[in-house]
Amino acid sequence: MRAARCVTVVCTASLALAVPAEGRGHQVMTEREAVQALSGNDLAGHDRAVGFALDLEQEAGPELRTALVQAALRELQRDSRRSDPGETAFERMVGYANALAPLREPEAIPFFLEVIGHGPVMWDALADIGAPALSGVLKVVTDSSNGANVSGGLAVLRFMVEDGWPSPEELSAIQEAALGVLTGKRERMGSTAIILAMFVAAALGDPELFTIVTTLASDRSAVEDLLGGDDDSDREWSVETIQKHARGLLSGTLVPFPERRPRSE
């Protein structure tokens, strides 16, 4: 179940925008000032407004939520035009993600899909948004040529299955996405994607997928064929790691990673 959105009359929302954040224990800023900062070109102002929104979390009003999403998407556009985005730009992107994640805003789905390869904050956020994000996540897993993005998408799919809301048809689509990775129908995605696809298999409890996991656990050549590539030390490590995780899943002794952060309903 997703957290219910509060419905607030216009006059109350306007008053909320005018209340200084210091009165609620946050930075010295109003929501109106934060919206204005996010709409401007001063990156220091952006950072301050993002920090303010991060403090507010679900107390943030609708105008601030929309401004935060729009600013995050503009930051993605700026990032795509940089020849070397650099550490500061990445930190700013993570700041937007951290501020947006608690809001569970469907409007933020395009942003989180673009940065899905950057880690658990993105995965938790998409899984918390839930059904509106599923088609986009499936598209990443089935179409993306970026292994990190595919891995992130698989982590989100596992969380969604564990949350228990996908329909039989949606579960079938998730099964097909994991099957593509575990049978080599996709481009070579690497060991992380294979392991995360096995965790999707475990969450689904699908017999066809578990047959593949059983084969990978016992047949080294099957893992090597799935990985492809040259025979080097990294590949050796990948084969051993995949087989270790497959055996752990089959024996029930392995806790899937990444762990889902505690969720507030």
Side-chain angles (χ1 to χ4, degrees), residues 113 116-124 126-127 133-229 231-261:
L113 289 175
I116 198 172
H118 289 307
V121 171
M122 325 305 169
W123 309 338
D124 284 325
L126 285 164
L134 177 58
S135 62
V137 176
L138 283 169
K139 184 174 178 59
V140 168
V141 175
T142 56
D143 294 350
S144 177
S145 60
N146 183 301
N149 290 346
V150 173
S151 297
L154 288 164
V156 176
L157 293 180
R158 188 198 111 208
F159 291 161
M160 289 177 167
V161 172
E162 291 174 348
D163 284 350
W165 56 260
S167 68
E169 293 78 13
E170 290 165 336
L171 290 174
S172 178
I174 292 170
Q175 186 260 359
E176 286 296 319
L179 190 64
V181 175
L182 292 177
T183 59
K185 293 178 182 177
R186 292 298 327 277
E187 299 176 38
R188 307 299 186 187
M189 290 290 106
S191 59
T192 301
I194 293 169
I195 291 168
L196 289 170
M198 292 193 300
F199 290 151
V200 174
L204 287 168
D206 180 77
E208 182 179 4
L209 291 176
F210 256 95
T211 298
I212 298 171
V213 174
T214 301
T215 299
L216 295 176
S218 59
D219 186 347
R220 180 182 179 87
S221 64
V223 180
E224 292 174 339
D225 289 344
L226 191 56
L227 280 171
D231 189 11
D232 55 27
S233 58
D234 287 341
R235 187 166 178 270
E236 176 70 19
W237 178 87
S238 294
V239 170
E240 293 177 357
T241 302
I242 290 168
Q243 289 202 294
K244 180 185 73 174
H245 282 87
R247 292 167 186 149
L249 279 173
L250 293 171
S251 66
T253 59
L254 182 68
V255 176
F257 74 92
E259 292 186 28
R260 183 83 177 272
R261 64 168 171 75

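With contacts defined as side-chain heavy-atom distances shorter than 4.5 Å, the pair Leu182/Val200 does not qualify. Residues Leu216 and Gln243 fail the side-chain proximity criterion, which asks for heavy atoms closer than 4.5 Å. Contact annotation: the side chain of Phe199 approaches that of Leu196 to within less than 4.5 Å [non-hydrogen atoms, C-beta and beyond]. With contacts defined as side-chain heavy-atom distances shorter than 4.5 Å, the pair Leu134/Ile174 qualifies. Side-chain contact between Val223 and Ile194 is absent, with no heavy atoms from C-beta onward closer than 4.5 Å. Counting heavy atoms from C-beta outward, Ile242 and Met198 have side chains that approach closer than 4.5 Å. Two residues are said to be in side-chain contact when any heavy atoms from C-beta on lie closer than 4.5 Å; His245 and Thr241 meet this criterion. By the 4.5 Å heavy-atom criterion applied to side chains, Phe210 and Leu250 are counted as neighbours.
Contact detail for Ala222 and Thr215: the closest heavy-atom pair is CB-CG2, 3.9 Å. For the residue pair Leu126 and Met160, the shortest heavy atom distance occurs at O-CE, 3.7 Å. What you find for Ala193 and Leu154 is that their closest heavy atoms are O-CD1, 3.3 Å. Considering every non-hydrogen atom in both Ala202 and Leu249, the closest pair reads CB-CD2, 3.9 Å. Residue Gly248 comes nearest to Ser251 through the heavy atom pair O-OG, 3.2 Å, listed as atom of the first residue, atom of the second, then distance. Listed here is the closest heavy atom pair of Leu209 and Asp206: N-OD2, 2.9 Å.
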> Does the pair Arg158 and Trp123 meet the rule for a side-chain contact (heavy atoms from CB on, under 4.5 Å), with working shown?
Replying inline: CA-CA 10 Å; Arg158 188 198 111 208; Trp123 309 338; over 6 Å; no

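The distance from atom OG1 of Thr142 to atom CG of Leu138, rounded to the nearest 0.5 Å, is 6.5 Å. Separation of atoms CG (Asp225) and CG (Asp219) is listed at 8.0 Å; rounding is to 0.5 Å. Atom CG of Leu226 sits about 11.0 Å away from atom OG of Ser238, to the nearest 0.5 Å. Going from atom CG of Asp234 over to atom CG of Leu227 covers 11.0 Å, rounded to the nearest 0.5 Å.
Taking a cutoff of 4.0 Å between a charged side-chain nitrogen and a carboxylate oxygen, Lys244 and Glu240 do not qualify as a salt bridge.
No side-chain donor from either of Asn146 and Ser144 sits under 3.5 Å from a side-chain acceptor of the other.
Within the 3.5 Å criterion, the main-chain N or O of Ala173 finds no donor-acceptor partner in the side chain of Glu176.
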